Amino acid sequence: MSSLNQEENLYREKLWLETPLIRSIHISSLLQCNVYLKLDTLQPAQSFKYRGISHFAQHAKRTHGPDVHLVIASGGNAGLAAACAANVLKLRCTVYLPHGVNQSTIDFLRKEGAEVIIEGNYYLQALQGARKAVEAEPNAVMVPAYDDPVVWEGHASMVHEIKRQLPEGTKPDAIFCSVGGGGLAGGIMDGCKAVGWDDVPLVTVETHGSNCFYQSLSLNDGPFAGDVASRAVPEGTRPEHCSEHKVTVAHLATLKSKATSLGASSPSAAVVRKALDRKGGVRSVCIPDEMAMQAVLNFAGRCLDHKTLVELACSATIAPAYKPSLFSKLVPESQSNKPATVVLVVCGGFKVSLDDLEDYRRIVAADLAAGGDWEVAYNGETLTTAKAE
Amino acid sequence: MPPSQQNLYPDKLWAETPLIRSPHLSSHLQAEVYLKLETLQPTQSFKYRGITHYAQHALRTHGPDVHLVIASSGNAGIAAASAAKILKLRCTVFLPHGVSQPTTDYMRKEGAEIVIEGNYYLQARQAAQKAVDADPKAVMVPGYDDPLLWEGHASLIHEVKQQLPTGTKPDAIFCSFGGGGLAGGIIVGCRTVGWDDVPLVTVETHGSNCFYQSLSLNDGPFAGDVASRPIANGTTPEHNAQHGVTVAHLAELTSKATSLGASSPSAAVVKMALERKGDIRSVCITDEMAMQAALDFAGSSFVALLDHKMLVELACSATIAPAYKRDVFRRLVSSDGPETNKVPTVVLVLCGGFKVSLDDMEEWRRIVAADVATGGEWDVAYNGETFTTSKAE
């Protein structure tokens with residue numbers, strides 16, 4: 001079945017938007033490549049999550065009927081996507097949140113028609129509350145945030161769109177995306193497989209303070225240099241072997257990054273497996289928060305740039321593109337005579353405002369004044385990149 | 001794209017931009033509010049439509065050696081430079097001294113030749129005209145006053161019709177008005193798709209309102225007698241015999257929304273506006289109100305997280321500004337029919353524009369805060385009447 005037919009069949013009643021794939025004049029010129037941005041900032045609920053989560057919600061409605069009750073524990077983009085999808089599908093939705101979540105978040109979840117239950121002081125407790133509710137109620141279904149094939153199938157729609165939207169016959173030399181728990185990466189990898197792009201290199205970006213995927217890759221034979229045994233396991237990280245997927249995943253005790261939407265203490269084991277198995281491999285990168293902040297400012301602020309505010313979790317993907325020499329190491333294909341084609345998945349996310357940008361400006365300025373370079377981790381090695389622009 | 005559209009624009013260079021429903025504004029206004037995101041055009045504004053359309057026509061009529069000339073330090077200049085680059089045409093942009101480095105860099109990056117002449121736009125324009133007169137291959141790319149431009153811009157209406165839920169006809173379309181190119185395109189487009197009766201709300205700023213002032217000089221939607229309406233200081237009425245309308249010629253433009261800056265509008269567009277079936281609702285707002293809208297639209301603080309996170313120029317945020325003020329919106333868009341329960345559907349055309357930065361946002365934050373602190377309300381002019389709206393959000 002052609003990928004076009006596949007796309008039609010799988011996504012016939014899709015709720016998400018086919019978002020634009022725009023060629024970035026500025027970044028393309030900076031890197032001497034054709035750099036395309038997939039603008040999932042424009043999805044309802046402001047992030048790519050609307051794809052997978054609305055797909056899951058529709059699937060739940062089809063399998064359990066219109067009385068199905070969607071339950072999720074998330075004060076972030078997943079929660080908002082679930083509330084939005086439930087609203088459109090006229091399904092009951094309850095979002096569990098720990099104490100201390102910003103009132104605005106609670107307000108707009110309610111505005112989307114979701115019931116909000118505040119339980120516990122930590123996310124884990126809210127999650128337990130959600131699980132208890134699902135166990136107690138036959139109609140209730142837990143909406144997975146990132147570890148589910150139906151969710152990946154929804155996210156994979158993005159790759160079908162990209163294939164159609166690129167100039168005819170163009171195959172990307174690399175696709176960049178952020179990794180939190182791995183939902184987006186999982187969807188992209190599945191989508192690539194479906195359209196004959198299993199060999200397209202995938203560059204995954206995290207921040208040093210929230211890098212469960214990078215650390216998981218380190219615990220397995222794979223793209224990382226050297227022997228598994230010889231690689232140091234950071235303090236606070238506990239390896240966990242998943243026998244179902246035959247991978248070891250890292251479980252992080254604390255997450256220190258300001259890119260809170262990346263915040264997963266461990267990635268989907270299945271997605272780690274996919275990354276290790278795929279032909280195109282995975283190029284796992286970690287950057288400092290400050291580098292992501294600088295990218296937010298660049299993406300929003302310069303006259304010729306994209307004038308869109310994105311979260312740190314999202315700007316992480318774009319950050320390497322603002323550093324040409326770093327970029328050339330991540331995508332050596334860009335150094336050939338023929339201009340490379342690169343797709344940056346701008347995943348979106350609602351947690352950013354102009355106030356944040358003011359903070360980022362100060363933080364980045366202070367960090368630049370401190371001198372030195374930024375450290376970037378790449379498949380087990382450390383690179384440095386200039387802080388200055 | 002439906003077949004009819006394909007025939008009209010077979011080799012179009014512009015992007016079909018998204019029409020997104022704004023959950024925030026829809027909820028705020030109890031309406032269905034859609035945003036047409038022309039910010040996503042290749043050169044960040046709707047101008048890319050009409051200007052590439054014009055450039056393609058020039059290529060077809062004059063051949064590949066045609067030389068595109070334009071005097072513009074703004075979005076028109078950038079659109080022309082980009083169009084020329086794609087079509088492999090020669091392009092020269094005339095600019096007065098003082099245009100910012102990023103702007104000239106952008107144009108050069110797109111392969112345009114830049115000629116800096118004069119201290120004012122008018123001088124650059126004259127130099128451009130001289131160049132066109134001297135060169136048989138040269139063609140002046142119009143900024144806003146040309147049917148080919150409107151035909152290109154009109155494509156956005158075809159898209160909107162297809163993008164709205166099936167069978168939905170807007171209760172109003174909102175757009176900014178500088179010289180009238182966008183409004184011209186919208187009016188032409190509406191006529192073509194059977195929307196000639198759809199009300200068009202045009203928004204300008206008090207300091208750059210040549211269209212509003214022109215409407216005032218004619219029999220039309222403005223209240224009262226032409227003769228009884230005062231003419232603003234510095235404004236010269238000019239009767240245009242070809243189109244049978246009087247247009248206002250403004251001596252100065254004082255608004256910070258510089259992309260609106262036209263000293264007089266297209267007479268043809270004024271004519272089309274007066275003749276169409278659907279209302280023209282001409283609105284002028286303060287610069288500060290446009291600034292506040294830009295800040296809200298970007299999401300100035302944590303409480304505004306549902307906002308759109310896009311930085312737009314003042315000329316563009318002017319269109320959105322009425323949507324942030326319920327009382328203003330209700331005057332402009334009423335469900336005045338028997339179905340008073342009907343939820344209105346409105347389309348805000350976000351014209352885009354590259355002239356906005358984070359520094360601008362910071363400056364506007366300060367200006368708005370200072371203005372709000374002085375108390376009072378903001379004046380809004382609407383079809384010859386003035387009312388006020390609260391400065392508070």
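Chain letters run A, B, ... following the sequence lines, proteins first, then strands; residues in each count from 1. Worth saying up front: this structure is predicted, and the values here are computed from it rather than measured.
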| Considering only heavy atoms, which portion of B:Ile20 lies under 4.5 Å from any heavy atom of chain A: side chain, backbone, both, or neither? | side chain
| Which is it for A:Ile25 and B:Glu110 under the side chain to side chain contact (heavy atoms under 4.5 Å, CB included) test, yes or no, and what are the steps along the way? | CA-CA 9 Å; A:Ile25 294 179; B:Glu110 292 295 293; 3.6 Å; yes
Rounded to the nearest 0.5 Å, what separates atom [atom1] in [X] from atom [atom2] in [Y]?
X	Y	atom1	atom2	result
B:Gln163	A:Leu17	CD	CG	9.0 Å
A:Lys307	B:Lys355	NZ	NZ	11.0 Å
A:Thr41	B:Met310	OG1	CE	6.5 Å

Is there a side-chain contact between [X] and [Y], using heavy atoms and a 4.5 Å cut-off?
X	Y	answer
A:Asp355	B:Arg365	yes
B:Pro18	A:Pro20	yes
B:Leu358	A:Leu354	yes
B:Leu37	A:Leu42	yes
B:Gln44	A:His306	no

Contacting moiety of [X], where chain B heavy atoms sit under 4.5 Å:
X	answer
A:Arg23	neither
A:Glu18	neither
A:Ile22	side chain
A:Ser29	side chain

| Do any N or O atoms from the side chain of B:Lys309 and from the backbone of A:Phe350 form a donor-acceptor pair under 3.5 angstrom? |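 Confirmed, B:Lys309 side chain pairs with A:Phe350 backbone.
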| message | Using a 6.0 Å cut-off, check whether atom NZ of A:Lys163 has over 12 heavy atoms from anything other than its own residue. | response |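 Yes, NZ of A:Lys163 has more than 12 neighbouring heavy atoms, counting only those of other groups under 6.0 Å.
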| said: Taking atom NZ as the centre, does B:Lys256 end up with more than 12 heavy-atom neighbours from other residues, nucleotides or ligands that are less than 6.0 angstrom away? | reply: no
| field | Evaluation steps, side chain to side chain contact (heavy atoms under 4.5 Å, CB included), between A:Glu358 and B:Glu362 | value | CA-CA 9 Å; A:Glu358 268 319 289; B:Glu362 266 321 288; 3.6 Å; yes
| Between B:Thr39, B:Asp359, B:Thr43, which residue shows the highest count of heavy-atom pairs closer than 4.5 Å to chain A? |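 Between B:Thr39, B:Asp359, B:Thr43, the count favours B:Asp359.
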